[in-house]
Each structure stands twice: as C-alpha cells, then as structure tokens.
2 protein chains.
Amino acid sequence: MADRNAKLQSASAYQRSTIRDVATKAGVSVTTASRALNGTGRMSEETRERVRAAAAELDYRPNSIARGLVQQRSFTLGLLTNDTYGRFTLPVAAGLSAAMADRGVSVFLSAGKYEPESLKLNLGAMEEKRVDGLVITGKRIDRGLPIDLPPLGMPVVYVYASAPEGAVSFVPDDINAAKDAVRHLAGLGRRKIAHITGPLDFKAAHLREAGWRAALAEAGLEPFGEAIFSAWTEAHGYDTAHALIEAGERPDAIFCGNDQIARGVIDAFALMGIRVPDDIAIVGFDNWEVFAKATRPPLTTVDMGLPGLGRSAGLALLDMIDGKPVEPGARETPCRLVVRQSCGAKTD
Amino acid sequence: MADRNAKLQSASAYQRSTIRDVATKAGVSVTTASRALNGTGRMSEETRERVRAAAAELDYRPNSIARGLVQQRSFTLGLLTNDTYGRFTLPVAAGLSAAMADRGVSVFLSAGKYEPESLKLNLGAMEEKRVDGLVITGKRIDRGLPIDLPPLGMPVVYVYASAPEGAVSFVPDDINAAKDAVRHLAGLGRRKIAHITGPLDFKAAHLREAGWRAALAEAGLEPFGEAIFSAWTEAHGYDTAHALIEAGERPDAIFCGNDQIARGVIDAFALMGIRVPDDIAIVGFDNWEVFAKATRPPLTTVDMGLPGLGRSAGLALLDMIDGKPVEPGARETPCRLVVRQSCGAKTD
DNA sequence: CTGAAAGCGCTTACAG
DNA sequence: CTGAAAGCGCTTACAG
C-alpha cells in the first residue's frame with residue numbers, strides 16, 4: 001500500500017528513457033536515432049523502423065524541453081484572459097487547445113484580472129516559459145489590455161478583444177449576424193421588429209443595432225421605435241418588456257442583443273399572458289445553451305462560433321511563429337443562426 | 001508600417017539576453033550570476049546587487065526551459081478536463097492558476113472529451129512537455145477517467161472527480177453543505193421542507209439528500225415527502241413545482257439540488273401566483289451567479305468554493321512534487337451558504 | 001547513408 | 001567568497 005501510494009504520488013524510481021537509450025537499443029548513433037524519429041534525413045527504411053521499434057519498446061517520449069532549448073521553440077502558447085466567468089474564454093480555449101494539440105502545441109491558461117500588476121506577473125511568467133506566441137482574449141470587443149504590451153519578442157493575436165493598430169485580431173461578425181437574425185424574422189412575416197440590447201458604450205451593441213437597421217431597410221420595414229440600450233441582463237429584458245407592453249402598440253417580434261435579455265423578455269411575457277412566438281417572436285444572441293435551451297419556448301439565437309474563433313486565432317499564430325506573413329487587421333468571422341422555437345419558424 | 005508589423009508579429013531581430021550577458025556586464029562568472037539571481041550561495045551583498053542591476057538593465061528573463069532541463073522540473077502543471085462547458089472547470093482553473101502563478105508555476109489547459117483516443121493524445125502531450133504534475137477534473141464527483149492512467153511518473157491530484165484508491169482528491173463537502181442549507185431554512189421557522197434534486201445515479205444528489213435528511217432529523221422534522229430525483233434542469237424544477245402544488249398539501253420550503261432546478265421552481269411559482277419566499281422559501285446549490293442573481297427574487301444558494309478547491313489541489317500537488325508526504329484519500333472541502341432573498345431571511 | 005561534436009541556457013557539484 | 005567544468009536531452013551543421 002505504501003508502495004502503491006509512492007507510485008501514485010511521486011516520480012521517484014521512475015526513470016524515463018532518453019534518446020540515448022533508444023539509440024543504444026537500436027544500435028545506432030544518437031544522431032541517427034533523432035533523425036529516424038523525426039522523419040528527417042535520409043536512411044534505409046529498415047534502420048528507421050528499427051529505431052521506431054526500440055522507441056516503442058522503451059515507451060520513449062521525446063523531451064520537448066530539451067528539444068525546445070536547441071530549437072529555440074517551446075511548442076507552447078499562452079492564453080491570456082480576464083474572463084473568469086468562462087462565458088467567452090472556455091469555448092475559445094477549447095477550440096484553440098484542440099487545434100493546437102493536433103500540432104503538438106500546448107496552451108498555458110493565464111486567467112486573472114486585467115490590472116497592471118497581475119498582468120505584469122502573468123506576462124512575465126509567459127516570457128520565462130518562452131511561449132512561442134500569445135493569444136489575448138477579453139470579455140468585449142472594444143477593450144484590450146489596460147497597458148501597452150512591452151516588447152515581447154513573440155507574435156501576438158487578439159480574440160474577442162480590441163487590438164492595437166497593425167495587430168492581428170479575430171472578432172465575430174456582429175453586423176451580419178444581427179442582419180441574419182432580423183432577416184429571419186422578416187422572412188417569417190414579422191413587420192414590427194423591436195430591438196432591446198446592451199449598454200450604449202459597448203461596440204457590440206452598436207454593431208448589432210446597425211445590423212438590425214440594415215436588415216429592416218433591406219426588407220422595406222421601419223424600425224419599431226428606437227433600440228433600447230441598457231445592461232446585458234435579464235432584468236433589462238424583463239423591465240423593458242413590461243414597459244413596451246404598457247406603452248400601447250405592440251411589436252410582433254423582438255431581436256434581443258443577448259440571450260439573457262431575451263430570457264427576461266420571455267419570462268415577462270409569460271407572466272403577462274403574451275404568447276411566444278404566436279403573439280411576439282423572440283430572437284437572442286450568444287447561444288448560451290444553458291439559457292437558450294431553458295427558455296419556454298427554447299430560444300432562436302445567434303451562435304458566434306467561439307471555438308472556431310479560438311482555432312483560427314491559433315492557426316494564424318502558428319503561421320506567424322513560422323515566419324509566414326499574416327495580414328494585420330481584424331478578421332470578422334461568420335456567425336450562425338440557431339433556429340429553435342421562439343421565432344415561430346416551423347422546425348420539424 | 002511594415003516595420004511595425006514585423007515587430008508586432010515576429011521574434012526576428014529580437015534577441016533576449018542570457019545569463020552570460022548578465023555575468024559579463026556585472027563582471028562576474030556565470031556561476032556567480034546564477035547564484036546571485038537565485039539567492040543561493042554566499043557572496044557579498046555588493047556583488048549580488050551588481051548582478052541584479054545588470055539583469056534589470058538588460059531586462060533579463062531567466063529561461064525556464066533551460067533551467068527545467070538541468071533541474072528536471074518544468075515548473076508547469078497540466079489541467080485535464082472534459083468540462084467544455086466551463087461551469088466547473090473555469091473557477092477551478094482560475095483558483096489553481098492564480099495560486100500557481102505566485103510560485104512561478106504555469107498551468108497547461110487540456111480540454112477535451114474523456115474518450116480513450118483524445119485522452120491518450122492529451123496525456124501524451126503532457127508527458128512530452130514534462131509537466132511536473134497533473135490535475136484531473138471532471139463534471140461529477142463519481143466519474144473519473146474512462147481509462148486506467150498509464151504509469152506517468154508524475155504526481156496526480158483529482159478535483160471534482162472520482163479518484164482511484166490511494167490517490168489524493170478534493171471534492172466539496174456536499175453533505176454538510178446540504179445540512180447547512182436545510183438548517184438555515186429550519187432556523188427561519190420552515191417546517192415542511194421538500195427536496196428536488198438531480199438524477200439518482202449522481203453521487204452528489206445522494207449526498208445532498210442525505211444532508212437534507214440529517215438536518216431535518218436534527219431539527220426534529222419529518223421530510224416533506226420523498227426527495228424527487230430527476231435531471232439537473234430547469235424543466236425538472238418547473239414540472240415538479242407544478243406537480244407538487246397540484247398534489248395538494250404544500251411545502252413551506254424547498255431545498256433544490258442545484259440552481260437550475262431552483263430557477264425552474266421559482267419560475268413555475270411565479271406563474272402560479274405563489275410568492276417566494278412568503279409562501280414558499282427556496283434554496284439552491286451551486287451559486288452560479290448568472291442564475292442565482294437573476295431569479296426573482298435572487299436565490300439563496302450554496303457556494304462550493306471551486307477556486308479554493310483548485311488552489312488546494314495545486315498546493316497539495318506542489319508538495320507531492322517536492323517529495324513531501326501527502327495523505328491519500330478524498331478531502332471534503334467546506335462550502336458556504338450565500339444568503340439572498342429566496343429563503344426569506346432578513347438581509348439588511 | 002551515418003556519426004562525432006558542438007551547442008541551446010541554465011544549475012551545481014567540485015575545487016580553490 | 002568565487003569560478004571552471006560538466007551535464008540536463010535533445011538537434012543540426014559538418015565531415016566522412
């Protein structure tokens with residue numbers, strides 16, 4: 001039992017085999033072993049196979065620390081985030097780390113407040129670990145780091161955050177996503193489409209509003225009142241839904257700036273006896289499933305494709321690390337409307 | 001502009017200074033420079049200071065890859081998770097990585113399904129990166145990895161997951177958390193306390209039910225009916241709330257197995273005109289703030305202290321890495337009741 | 001086709 | 001108190 005614990009707990013008595021061991025066992029030099037394993041150089045297929053077999057038998061794992069030291073690459077990336085909530089970061093991180101794993105690259109998660117002090121600590125750690133590149137994420141597309149990034153000597157990519165001029169960044173295509181959502185409602189015959197969304201100082205709120213206006217114009221419709229900007233919360237949706245109904249003339253559809261607002265709206269309507277989607281259709285934004293699937297009825301909403309964003313960012317970063325030229329600027333990646341029942345589309 | 005992009009994008013032309021540069025600048029040997037910077041060895045304070053100044057001037061960052069190679073430690077940890085949702089993982093990861101950052105240790109995030117194939121890929125990556133230890137997380141306390149961990153030669157700690165015998169693990173103290181929640185309700189004068197919770201095959205559901213029973217017994221109360229086990233969803237709470245009311249005699253409080261169930265219950269009551277907490281008090285479990293703060297009224301609920309769990313696990317792992325003995329077994333870490341308004345306590 | 005040797009940037013006995 | 005030298009585990013010119 002003491003033995004078993006020791007085994008489970010520590011590295012003692014466990015000696016990993018090195019490339020020397022492999023070379024010796026295969027009867028070749030370390031040079032040849034290295035080349036055989038990496039598929040470089042030219043050698044007889046027989047030799048290569050013999051080395052591979054020796055490696056397999058010894059359960060050899062190349063030490064990427066040693067390789068990193070000579071190649072001046074660590075095969076690691078840093079992911080910096082201030083979203084401890086996890087709403088945006090985890091999907092991005094999952095997409096990023098899956099795409100990187102296939103390429104032998106691992107991702108450090110560095111989560112903390114974006115305050116100069118903790119940021120300095122975290123950036124310093126990434127520097128000492130000699131990450132090959134950095135992905136900087138945020139909770140909103142119009143905020144970046146509160147400090148100027150010191151010269152890091154490594155490529156950087158921004159995801160769902162604002163980036164300095166000349167940098168490479170990835171953000172969802174909010175405008176077109178909003179257009180698609182509103183087109184969908186118009187296509188279902190809705191004519192009085194209102195918009196309830198987040199705070200005025202969020203760029204995402206403005207982009208989504210612009211998309212709403214553009215799609216209405218396209219369909220020859222007037223906006224149903226002005227967009228109503230406030231917090232990204234259920235309470236905002238709830239209160240605004242009440243106000244809207246009390247004000248008199250009703251919309252026949254509401255495009256909400258996020259799923260939480262949509263949830264508040266739907267809950268308010270349920271209490272008022274207004275039927276969704278029969279009386280008023282609702283579309284949200286985020287496809288935060290724990291909300292979108294739990295509303296009654298389930299919510300039609302925009303999915304921003306966060307894992308894809310992480311993946312694209314990672315691939316671009318890898319290119320930059322390899323010295324390939326990458327066009328600077330913000331890439332707006334497409335979103336996708338997920339049709340459930342709150343919009344009144346027939347789903348069968 | 002091309003220059004600026006090159007600077008932002010690549011490492012070319014950026015040469016980091018090494019300990020040799022520092023030594024040369026300070027007029028000492030590399031040996032002395034190393035010792036000065038690490039605070040080891042004995043030397044005049046003046047020399048140490050001179051080396052430090054040289055390092056600062058050169059903006060020297062020790063290369064932890066090189067250090068790792070000689071010390072046979074990478075100062076990294078791996079965090080394995082299958083919770084792509086982020087509900088449990090991100091708080092744990094945040095607590096873990098913050099505690100580790102203070103100690104110069106960085107954390108690899110390895111997220112993916114717990115299927116043998118992808119698990120093998122991810123474990124292999126952690127082995128090649130020579131992480132010093134592994135934190136294995138899950139989405140439920142009674143499920144671990146679907147494969148036997150191969151001998152890794154590194155310490156492992158489990159968090160919010162089931163662990164093999166002899167391993168070190170950390171789970172929330174579900175029983176006592178449930179007891180506290182129910183005691184709180186009893187203390188407020190509630191006498192008919194029902195329990196609606198998750199699936200029968202979740203250990204957490206059983207532990208919370210046991211806590212409910214124990215606290216009732218302690219207070220000399222009978223359980224209000226049997227606990228109602230089903231999905232961890234709003235729909236379950238919603239439907240069960242209806243069924244409960246239609247069945248006749250009402251409870252005066254419901255302890256819910258998670259916040260989503262509580263949310264469903266509260267929503268159903270709102271529609272039925274039953275007042276929370278006046279008619280029936282509600283307590284949840286998870287303190288998932290996006291739910292708990294958005295219910296009307298805001299939800300009293302149990303916080304599992306996930307960041308603390310991550311932190312404790314990391315510290316234990318560090319001890320194991322340092323060869324200190326760590327008692328095997330499951331540590332049940334205390335939870336905390338967050339009192340809001342759904343329980344009817346006066347909060348002022 | 002194969003190998004001896006140098007070197008990546010550090011730490012740490014060992015010797016003074 | 002200080003330093004020359006060896007070595008961590010690899011890769012890669014260089015030479016045959």
Side-chain angles (χ1 to χ4, degrees), chain A residues 11 14-52 54-55 58-76 104 127-132 153-154, chain B residues 11 14-52 54-55 58-76 104 127-132 153-154:
Chain A
Y14 185 97
Q15 198 46 44
R16 274 218 155 71
S17 46
T18 72
I19 199 168
R20 285 187 65 105
D21 303 324
V22 174
T24 305
K25 185 170 192 94
V28 297
S29 71
V30 168
T31 306
T32 299
S34 172
R35 286 202 274 247
L37 263 12
N38 291 316
T40 58
R42 28 182 59 230
M43 72 188 62
S44 74
E45 196 46 47
E46 187 270 325
T47 309
R48 206 180 285 278
E49 209 33 72
R50 190 150 37 88
V51 174
R52 283 208 191 105
L58 293 170
D59 192 30
Y60 170 69
R61 305 292 163 125
N63 182 332
S64 95
I65 304 257
R67 170 185 293 170
L69 191 59
V70 30
Q71 296 194 154
Q72 302 282 59
R73 278 199 48 182
S74 62
F75 308 96
T76 64
E127 286 190 88
E128 299 198 356
K129 253 68 183 192
R130 294 296 191 272
V131 296
D132 298 326
M154 67 175 83
Chain B
Y14 186 96
Q15 200 46 45
R16 275 219 154 70
S17 46
T18 72
I19 199 168
R20 286 188 64 105
D21 302 325
V22 175
T24 305
K25 186 169 190 93
V28 298
S29 71
V30 167
T31 306
T32 300
S34 172
R35 286 202 274 247
L37 262 13
N38 292 315
T40 57
R42 30 182 57 231
M43 73 190 63
S44 75
E45 196 46 48
E46 188 269 324
T47 309
R48 205 181 287 278
E49 210 31 73
R50 191 150 37 87
V51 174
R52 282 208 191 105
L58 294 169
D59 192 29
Y60 169 70
R61 305 292 163 125
N63 182 332
S64 94
I65 304 257
R67 170 186 291 168
L69 191 59
V70 28
Q71 297 194 153
Q72 302 283 58
R73 278 199 48 183
S74 62
F75 308 97
T76 65
E127 285 189 90
E128 298 199 356
K129 253 69 184 190
R130 295 295 192 274
V131 296
D132 298 326
M154 66 176 85

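Nothing here was measured: the structure is a model prediction, and the numbers come from that model. All values below were derived from every heavy atom in this structure, side-chain atoms included, with hydrogens, water molecules and symmetry-related copies excluded. Just so it is clear: chains get the letters A, B, ... in the order the sequence lines come, proteins before strands, and each one is counted from 1.
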Contact class for [X] vs. all strands (heavy atom < 4.0 Å): base, sugar-phosphate, or nothing?
| X | value |
| --- | --- |
| Ser44(B) | sugar-phosphate |
| Arg42(A) | base |
| Ser64(B) | nothing |

**Prompt:** Taking atom types as modelled and ignoring hydrogens, do the side chains of Ser44(A) and Thr47(A) form a donor-acceptor contact shorter than 3.5 angstrom?
**Reply:** yes
**Complete:** Re dA13(C): Watson-Crick or G-U wobble partner, both distances kept under 3.5 Å, found to be none
**Prompt:** dA4(C) pairs with which nucleotide, Watson-Crick or G-U wobble, both distances below 3.5 Å?
**Reply:** none
So, is [X] near the phosphate of [N], with a side-chain N or O under 4.0 Å from OP1 or OP2?
| X | N | answer |
| --- | --- | --- |
| Thr32(A) | dG3(C) | yes |
| Gln72(A) | dT11(D) | no |
| Asn63(B) | dC8(C) | no |

Nearest listed nucleotide, side chain of [X], among [options]:
| X | options | answer |
| --- | --- | --- |
| Ser34(B) | dT2(D), dT12(C), dT12(D) | dT12(C) |
| Val28(A) | dG3(C), dC10(D), dG9(C) | dG3(C) |
| Met43(A) | dA4(C), dT11(C), dC1(C) | dC1(C) |
| Val70(B) | dC10(C), dA5(C), dG3(D) | dC10(C) |

**Prompt:** Can you tell me how far C1' in dT12(D) sits from the matching atom in dG16(D), rounded to whole Å?
**Reply:** 16 Å
Evaluate the side-chain proximity of [Y] to [X]: yes if any heavy-atom separation is below 4.5 Å, no if none is.
| X | Y | answer |
| --- | --- | --- |
| Ser34(B) | Ile19(B) | yes |
| Ser29(A) | Thr32(A) | yes |
| Phe75(B) | Lys129(A) | yes |
| Thr76(B) | Thr76(A) | no |

**Prompt:** If you find the nucleotide of DNA chain D closest to Ala66(B) and the one closest to Arg35(B), which residue's nucleotide is nearer the 5' end?
**Reply:** Arg35(B)
**Prompt:** Hey, which of these two, Gln71(B) or Ser29(B), hits DNA chain D nearer its 5' end, going by closest nucleotide?
**Reply:** Ser29(B)
Tell me the interatomic distance from [X], atom [atom1], to [N], atom [atom2], rounded to whole angstroms.
| X | N | atom1 | atom2 | result |
| --- | --- | --- | --- | --- |
| Arg50(A) | dC1(C) | CZ | P | 14 Å |
| Arg67(A) | dT12(D) | CZ | C1' | 13 Å |
| Arg20(B) | dA4(D) | CZ | C1' | 12 Å |
| Glu46(B) | dC1(D) | CD | P | 12 Å |
| Lys129(A) | dG9(C) | NZ | P | 18 Å |
| Leu37(B) | dC10(C) | CG | C1' | 11 Å |
| Ile65(B) | dG7(D) | CD1 | P | 23 Å |
| Leu58(A) | dC10(D) | CG | P | 12 Å |

**Message:** Tell me whether the side-chain N or O atoms of Arg130(A) pair up with the base of dG9(C) as donor and acceptor below 3.5 Å, since no angle test is needed here.
**Reply:** no
**Note: Glu127(B)-Arg61(A) ion pair, threshold 4.0 Å (strictly below)** = yes
